[in-house]
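One structure is given below, encoded as C-alpha cells.
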Amino acid sequence: MLTKAALALALIHFTTPLAYYTYLKTTWLNKPWNINRDPNYKPKVTVIVPTYNEAKFIEKKLDDIYSQDYPRNLVDIIVIDSASTDGTPELVKKWHSEHKDANLKLVVEPERRGKLYAILEALKHVHVESDIVVFTDADAFWEPRALNKAVAYFADPTVGAVTASITYTDNNTRENIYRSYYNKVRICESKIYSTPAQNGPFQAFRAELIWKYGLPDFPGSDDSSFGSYIAFTGYRAIQVDDVSVKEPVRGSEFRRKIRRAQHLILNFLKTRNYAKRKGAYKYVKQFEKIWWIEWWLHIVNPWLLLISILLVIVATYKGLLTSTVVLIFGIALLIFKPYRVWIMQQIYLLLASLRNILTKEVTWER
Ligand code: GDP
Ligand code: MN
C-alpha cells in the first residue's frame, strides 16, 4: 500500500514534466515564430548594468555593449553601482574617458540594497525618448549582434519583453544539461505565446510598459518575475533562440542554485496576484495554461517526490521487499546525469521554499 502510493506519486512527479517537455519539443520547437521581426527597426535603447564589485568584468562588459552592431547614437548606457569596494565606479569613469562617444551615465548608490532596488533606481535615469530598456548582468557577454537581433522582435507591437538564451563559458556539464532543457522549454513556451521567466544576462523591455505598469518590486522579485509580470499585461514575453549570451559560473554553485530557486518560487507564488493588484493583469488563455503548468512544476511537483521518497523509506524500514527494490532502483538511476540534475533541481526547490520562509534573498555574496 505504502509502496503503491509512493510509486503513484513518483509517477506523477516524473511524467508531468516529461509529457510537457515532449509535447513542447515535438509540437513547437521547430515551428516558425509567429512574430513579425524587422531587422531594420532601430529604436532608441537604454542598457542598464547593475554592478556590485565587478572590477574584473566591467571594462570588458562596456566594450561589449560599445561594440554592438547597433547605431551608437541610439544606445544609452547606465551603470548603477551599489557601494562597490573594489573600484568598479573608478574603472567605469576611466573607460568613459577612453570612449567619449559612448552615452554613458554612472549612478553610484551610497549603500548596497540589492540588484532589484538598484535597477529600479536606474530606471529613474532612463531618457524619456528611450523605446527599449535592457537589463544585463556585468558578467554576461553578448555577441556583437545580440542587441540588433533582440530588438528586431519589438517591431511586432504584441511583443513586450525579450530575453536571450544562456550558454555557459566553462564546461560545467550539470549547468549545461539544466540550461539546454530550460532553454528549449522557454523557447517553445515563447512560440506558443509567452514564457514566465527572463534571464538576467539579457532582458529587454518595451519602455512604455514599464512607464505604464512599473515592474514588480516585492522582496525576492527578480528576472523571472519581470518576465511573468510583462506576460500578465497581455504583451508577449519571450525567450528567443537566435540571441545567446554567455555567462560564467561564479561562486558557490549550491548557494546560487538555492537563491535562484527562491526567486523562481516567489515568482510563481506572487507575480500573478501582484499584476492583478497593480491593475496590469489581462487574461490570455495561452499564457494561463503555461503559467499553471510551470506553477505546478515549481510549487507542487517537488513535494510529490519528497513524499514519495519518505513513503518508500518508511516501507523499507517496515521490511517490505518491493519498497527496498524500488528504493535501490531510484538510487541506482542516479548514475544517469540528466536524472541526477533533475533530482538536484528538486532538492534546490525544496530547500529554497524552506529558506523563503526564513529570508527572501535580496543581496548576496559570490
Ligand atoms: P547570478 O548571476 O545570479 O549569480 O548573480 P550575479 O552575482 O552575477 O549578479 C548579477 C548582477 O547583479 C551582476 O552584474 C552584479 O554585479 C549585480 N548585483 C548584485 N548585487 C547587486 C547590488 O546590490 N547592487 C547592484 N547595483 N548590482 C548588484
Ligand atoms: Mn551572474
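Values below: every heavy atom of this structure, side chains too, minus hydrogens, waters and symmetry copies. Numbering of residues begins at 1 and proceeds along the displayed sequence. Every number for a ligand or one of its atoms is a count from 1 in the order of the listing.
Atoms of ligand 1 lying under 4.0 Å from any heavy atom of Ala118, numbered from 1 in the order shown and given with element: 24 (N), 25 (C), 26 (N). Listed by number with element, the atoms of ligand 1 under 4.0 angstrom from any heavy atom of Ile80 are 26 (N). Taking a cut-off of under 4.0 Å to the non-hydrogen atoms of Arg259, the atoms of ligand 1 that pass are 1 (P), 3 (O), 4 (O), 5 (O). Within ligand 1, the atoms closer than 4.0 Å to a non-hydrogen atom of Glu54 are 13 (C), 14 (O), 15 (C), 16 (O), numbered from 1 in the order shown. Counting atoms of ligand 1 from 1 in the listed order, those under 4.0 Å from a heavy atom of Asp139 are 8 (O).
A heavy-atom separation below 4.0 Å is found between Gly114 and ligand 1. Contact annotation: Glu247 has at least one heavy atom less than 4.0 Å from an atom of ligand 1.
At a 3.5 angstrom cut-off on N or O pairs, Arg113 does not count as close to ligand 1.
The shortest side-chain heavy-atom distance between Leu106 and Val108 falls under the 4.5 Å cut-off. Within the 4.5 Å cutoff, the side chain of Lys191 has heavy atoms near those of the Ile187 side chain. Two residues are said to be in side-chain contact when any heavy atoms from C-beta on lie closer than 4.5 Å; Val75 and Gln68 fail this criterion. The shortest side-chain heavy-atom distance between Val162 and Val243 does not fall under the 4.5 Å cut-off. Taking the side chain as every heavy atom from C-beta outward, Val47 and Val45 approach each other to under 4.5 Å.
Between Tyr281 and Phe232, a ring centre-to-centre spacing shorter than 6.0 Å is recorded.
Glu247 has its closest N, O or S atom to the Mn ion (ligand 2) at the position named OE2. For the Mn ion (ligand 2), the nearest N, O or S atom contributed by Asp139 is named OD2.
Environment of NZ in Lys31: crowded, with over 12 heavy atoms of neighbouring residues, nucleotides or ligands closer than 6.0 Å.
Proximity of Lys115 to ligand 1, defined as any heavy-atom pair under 4.0 Å, is shared by backbone and side chain alike. Residue contacts with ligand 1 for Ala138 involve both N, CA, C or O and side-chain atoms from C-beta outward (heavy atoms, distance under 4.0 Å).
The residue among Arg250, Arg255, Arg256 with a heavy atom at the shortest distance from atom 6 (P) of ligand 1 is Arg250.
With hydrophobic clusters built from ILVMFWY side chains whose heavy atoms lie under 4.5 angstrom apart, Tyr182 does not share a cluster with Val249.
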For this session: Decide ring pair (Phe, Tyr, Trp, His ring centres under 6.0 Å) for Phe202 and Phe135; before the verdict, give the C-alpha distance in whole Å, the side-chain angles of both, and the deciding distance to 0.1 Å.
Result: CA-CA 6 Å; Phe202 188 113; Phe135 299 124; over 10 Å; no

